Each structure stands twice: as C-alpha cells, then as structure tokens.
Protein chains: 2
Amino acid sequence: MKKKITLKHIAKELDVSISTVSKAIKDSEEISLETRQKVQAFAKLYNYKPNNIALSLKNRKTKNIAVIIPEIVHHFFTTVISGIEKVANKGGYNVIVCLSDESFDKEVINMEMLANGSIDGFIISLTKETQQRRDFYHLQEVINQGMPLVMFDRVADEIVCDKVVIDDVDGAYKAVKYLLDTGCKRIALISTVDYVSVGKLRTEGYMLALKESGVDIDDSLILKIEDIEKCDEVIQQLFEEKDFDAVFAVNEIFAVTAMKIAQRKGLKVPHDMSFVGFTDGLLSRYATPSLTTVVQHGLEIGERAAKMLIKKLDEEVEEETYSTEIVQTTLITRESTKNKR
Amino acid sequence: MKKKITLKHIAKELDVSISTVSKAIKDSEEISLETRQKVQAFAKLYNYKPNNIALSLKNRKTKNIAVIIPEIVHHFFTTVISGIEKVANKGGYNVIVCLSDESFDKEVINMEMLANGSIDGFIISLTKETQQRRDFYHLQEVINQGMPLVMFDRVADEIVCDKVVIDDVDGAYKAVKYLLDTGCKRIALISTVDYVSVGKLRTEGYMLALKESGVDIDDSLILKIEDIEKCDEVIQQLFEEKDFDAVFAVNEIFAVTAMKIAQRKGLKVPHDMSFVGFTDGLLSRYATPSLTTVVQHGLEIGERAAKMLIKKLDEEVEEETYSTEIVQTTLITRESTKNKR
DNA sequence: GTGAAAGCGCTAACAC
DNA sequence: GTGTTAGCGCTTTCAC
C-alpha cells in the first residue's frame, strides 16, 4: 500500500529542496532543464498529484460548490443537479449535494457546516418549512460573509442575491389557457398550500387565465393540498362533490392521481375530462393516456444557476450586482388534453 | 461584509497567543477560567467557527465521502443517495455527488480528482462502459493508496473491496416464479445487454425459474436492449413476431413501454398478458394498471454502503477484511399480474 | 539555479 | 496559566 506522495518525499529522494521540486513540476524557467526533467520523471513515476486540501488552504478557495435541495427523489431536482454538475465540472468545480429533507433545521445545519471553508459558494432551493417561517437568517449570514449564493425555484424575495426561477405564473397561465382553448369550461385546480412559493404563483397564473377569458373563479374548484401522501383521498373528495371538465395540477403526482380517479369513475380522458400537469418527468410521459404538461427545463435552470455562481466565484467582481434569470416554460401537449380547435 | 474570523484575529484582539485562544475555545483546564470566559464570549460574539479546510489538512481527514453514480435522473440511484446522505450526516460526513454520466473517462477523472485529498472514501456504482471494458485500474489505484471504497449495485468481481448488492438472480427468479404460479406459460424477458452485470444476473434468475418449473427456454423470447432510447421499436417488433402471455422486464421503463404496446394492440392487462418490472419507482406505482415489480430497497442499500464505509473510516481497522452484503428484494404485486391461485 | 522562509488556519507537544 | 514551536502540503518571495 503506497501512500500518496508529497513534494517533501520527492525533495528528500532527489536531494533537492521542496521549493525546487514545486517549481520544477510547474516547469518553471528558474530551474535547470536537468533538474526539471529529473523531478518530472520522478513525479510521473510515483504518480504525484498535488494535495487538494493544501491547495485550498493556500489559495483560499476549494473549487467545491454546494447544492442544497429539499428532496432528491424528485425528477425536477435531479435534472437541475445534472445541469449544475455539467457546468461545474467544466469549470473545474466539484458539487457537494446536501439534502435538507424539507427541514428548516437541516437546511441551517448543512449551510453552517459547509460555509466554514468547505465550499466556495451555494446553490439552494428552500425547504417548505423555511418558506413558511420566512426565517432567512442563515442565508443572509452566508451572504454577509461574502460567500456567493444562488437561489433557484423556491426562492425568497426578501434575500438579495442571484436567482434562477421559472415563470410559474406564465406556465400555469399557458396551461389553463390551453384548456380553455380546447373547450373546457370548468377547470379545477389542484395546488399546494400557499406558503410554497411556486404553488402560490401557479395559482395566480390559473386565476389570471380564467379572468382574462371572462370565466368566473369558483373557489370550491381550488384544492390546496398540504400532504402529498394523502392527496388521493382529498382529490377523490373533490370528484365526489364538484363538477368540472378539466384539471390543472401543479405537479405530476397530483395530475396523474386525479386522472386515475377520473378513469376509475368511468370518465374518458380527454373526451370527458382533460388534464394538465406541471413537470415533465417519467410519470407524465408514461402515464396512460400520456399527460399534457408544463416543462420546467430543470437542466437549463441548473446550468444557469451554476454559471451565475461560477461567474461570481471566478471573476472577483467587486461591484455587487445581482440578477434574477427567468427560464421560460414550455407546454407539451399529449394525450390527456383535446386538440386545440 | 464581515469576513470569517480566525483564531489569529481573536488572539490579536484579546492580546493573547493563538494557542491560548485555541485551548480556551475547547474549554481546556489548562487555561484560567477568566481567560476562557473572555475568549469564549468573544468567539460567540463574532460567531467563530473553525475552518474546515485547516482542520482537514491537520487531521488528514476531510469528513467528506464521494458518491459516484452513472446517472442521477433515476429513481434507484436517488433513493440510494438518500440512504447514504442519511447515514453520512449522522456520522458527521458530507456527501460529494459526482455523475460519471455512463462514461468511463468521466468516472476515472472524477475519481482521480477527488482522491487527491478532497475526500476520505468512495461509494461507487460503475458505468456500463467500465463494466464492458473491465478496466478497473483506477479503482485498484485508489484502494492501493489506502482509501476505502465501497461498490454497490453495478460492481466488479475482480476488485476486492466492500460491496452492497441485491440478489438480482433471486429477485428475477421470484418475479418469473410468480408469473408461472399465476398461470403464465410463455414469458418474454426484456433485459439489457449482458455486460451490464445486473442485466446478466436477472437473466440468470429468469432462466433458473423456468428451468426449475420444467419450462423450455425459448431464446427468441429474450430481448437484450442496448439503447434505452430505442426500446419502443425493439419491443414493438417482439410483439409483432412472437407469441407470449407475460413479460418480465429488468427495469420500469421497459415494463411500462411493453405494457403500453400491449394495450395499444388491444390486449387486456393482466387478463391477456401479465407484466412484472424491476425497481419500484413512481412509474410502477402510477402506471395503469399499476405494475407488479421487484423492489430493490435502494434506501437500505445506500444506508448499508455508507455504514460500511464509515466503519472503515472511523475505526482504523488495520486488518483488511472485506465483505459483500446482500440486500434482499421484495416482490410487490399490483394490478399488472393475475392473482396467485 | 537553488533554497530558505513565511504563510494559509489550526493543533498539540513542550517550554517557561 | 500562557506562549513558543513545529508541522499538515503547498506556493511564492526573496536571498544567496
């Protein structure tokens, strides 16, 4: 078992000083050709690689970026991570992934731990709990320390920093508009509770589309679900009590669950009822019938977030300017909706 | 913008030496109560936190573990990561996630980069390419340097190290046995190419179950798919050319794709044809009809892998003993198969 | 052309 | 009780 070799070992072995070795390996003109070759040959032979930690300490940068997300078993977040990874690796950065598990405390602990030198910057999507409490002290703290932070998707307006979001209002608007255009009259909305920023925004988009088309908003057709585990029964109840001919859901699971309930009740999709979801994951693609949905382009969100962060990291820009990038959504029409006339 | 504070700052401010500060913060008996209190108060006031990088350099351990997986947009891998995260965080470790993107080169580069001090150990599932080439030099290299490595799911028998796998043969066996027990006679297998270890093992399980029940193996009912993107047409072709009454697929996507094709052809599931998949992701749960599948318990795999790694890391065991843990699979029966008689 | 020395932030053995 | 020193692995300035 040969342990990692250091400059010191090489220096001793070759009977030169550490600094000579360091320079020789960098092929510095300062060192005689002979010494350089000798050192380089030796280094190659023993597969010398500089120690990242020592470099980090010396340079005061780690070349690591942290991504903090509430959940990883989730199509949207994994595509975002893919995008971040891609850009980060190209820029020579590693990605440290931390799961906050939708817990405010874990989010805080993870950030504090990582902020102490382990990483150069953060990319984060907030937990529901954080959004509900509106307690952003830990985020402000990190920013105050001069560490760049980029927020995506579930962001906090109160915090001034770079952000990447999708136009949730517009995405929902497009979805509902499409339903109206295909002749649907009474459109139910299955959303999350309001403190989840994206749920709220998508609800706004829904209302906007209805208002614009002169359709009265019937609050009893709006379902706000807190616990995704129990969505089945809550949606079931909506079907029992209300009458509607289309459903717009703010995520795949709500959409597919609703669609299955409709089918169980003998309704034909999209003939009797149309469905539109949000997020283009496997579920939407492979559902029967396949689901019309609003595509979030997670990969692009990840790429943009990573680019913004790395720009701040590499450029040493002194003037603090922050921007919010908006990634446009796309509506993919599939079998769960009728054709536009 | 207040930069991070160091021991040095505190020492200067309080006019004591750095080591006094260090000891005082650790509440060492060596230091007078008065000084301790003074230092601790100051440290708290300025929110002093030791620099992780300096600690890493000093202690020669980073408290980071790297997870290298081929793909993250994949239910199985994300559940494994969740399991790893859970155990790692509890043990005070951070998780660095790297995607090899099914590329041998990326796998090698990632490992080399991280092995130079950034992390204390690896958890890895190999890329298809690595399994095909059987080139494990980079893995052996890491092990030779004395860095612990745990492989999971897609492992290499040639490498001696800790491993966590599922019993793929048995999982497939159970699936096919179940199909036979419910009266299926001609069972098609939709698998991956053989060099993917899990595909090969599941194929073995399929054959075992058939042989054991005295059913002749019809090679023409075995489909080995290389490119998941094109699975639709290949499976379609199987349906055109062959006759069978059940399908066992080695993943969710193949299973659901086959089921959709069957339905398009007017077959009733499970009345005319039964389906069993592998991996219990959203797809299996929300497919119509829902899919009977072999559950891999990714969370447990992740937890076990992390436990094995951390044990090696924390315990400084000198005697090198390696083990392979096998996580049992479970067959979940849903609507895509008939009831057992 | 080569090497000594300082320093990144921290710890710990050893002096005083 | 407190401070000095050395060292983790590396870079870089400045002597020689």
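Just so it is clear, the structure is predicted and the values come from calculations on it, not from any experiment. Numbers restart at 1 for each chain; the letters A, B, ... are given by sequence-line order, proteins then strands.
For L14(B) and dG3(D), the CG to P distance is 11 Å, given to the nearest whole Å. Atom NZ in K8(B) sits roughly 14 Å away from atom P in dT4(D) (whole-Å rounding). Rounded to an integer number of Å, the gap from K3(A) NZ to dC8(D) C1' is 14 Å. Computed from coordinates, the L7(B) CG to dC8(C) P distance equals 12 Å when rounded to whole Å. Going from atom CD1 of I18(A) over to atom C1' of dA5(C) covers 11 Å, rounded to whole Å. Taking atom CD1 of I25(B) as the reference point, atom P of dG1(D) lies 19 Å away to the nearest angstrom. Rounded to whole Å, the distance from CG on N59(A) to C1' on dT12(D) is 11 Å. Counting to the nearest Å, the C1' atom of dC8(D) and the CG atom of N51(A) are 9 Å from each other.
Within the 4.0 angstrom heavy-atom criterion, base atoms lie near S19(B). If you check every strand for non-hydrogen atoms under 4.0 Å, S22(A) touches a base. The residue S56(B) sits apart from the nucleic acid: no heavy atom pair falls under 4.0 Å. T20(A) comes within 4.0 angstrom of a nucleotide base, judged by non-hydrogen atoms across all strands. Residue L55(A) is in sugar-phosphate contact alone, with no base atom involved, counting any heavy-atom pair closer than 4.0 Å across all strands shown.
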Under the criterion side chain to side chain donor-acceptor pair (under 3.5 Å), I'd like the reasoning laid out for Q140(A) against N144(A): C-alpha separation, chi angles, the key distance, then a yes or no.
CA-CA 6 Å; Q140(A) 194 55 56; N144(A) 289 345; 3.1 Å; yes
Run the salt bridge (Lys or Arg N to Asp or Glu O under 4.0 Å) check on R154(A) and E102(A) step by step: do they pass?
CA-CA 12 Å; R154(A) 294 181 354 193; E102(A) 295 287 9; 2.8 Å; yes
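Look at S17(A) and you'll find a side-chain N or O under 4.0 angstrom from OP1 or OP2 of dG3(C). Y48(A) has no side-chain polar atom (N or O) that falls below the 4.0 Å cut-off from OP1 or OP2 of dG9(D). The side chain of R60(A) contributes an N or O atom lying less than 4.0 Å from OP1 or OP2 of dG9(C).
Residue whose closest nucleotide on DNA chain C sits further toward the 5' end, between L57(B) and E30(A): E30(A). Mapped onto DNA chain C by nearest heavy atom, K23(B) and I5(B) fall at different nucleotides, with I5(B) at the one closer to the 5' end. With the nearest nucleotide of DNA chain D identified for both A54(B) and E29(B), E29(B) has the one nearer the 5' end.
Taking the six-membered ring where the residue is Trp, the centroids of H9(B) and F42(B) are separated by 6.0 Å or more.
Residue K49(B) qualifies as enclosed at atom NZ: its count of foreign heavy atoms under 6.0 Å is above 12.
Summarising the geometry, atom CD1 belonging to I96(A) is positioned 7.0 Å from atom CD1 belonging to I119(A); distances are rounded to the nearest 0.5 Å.
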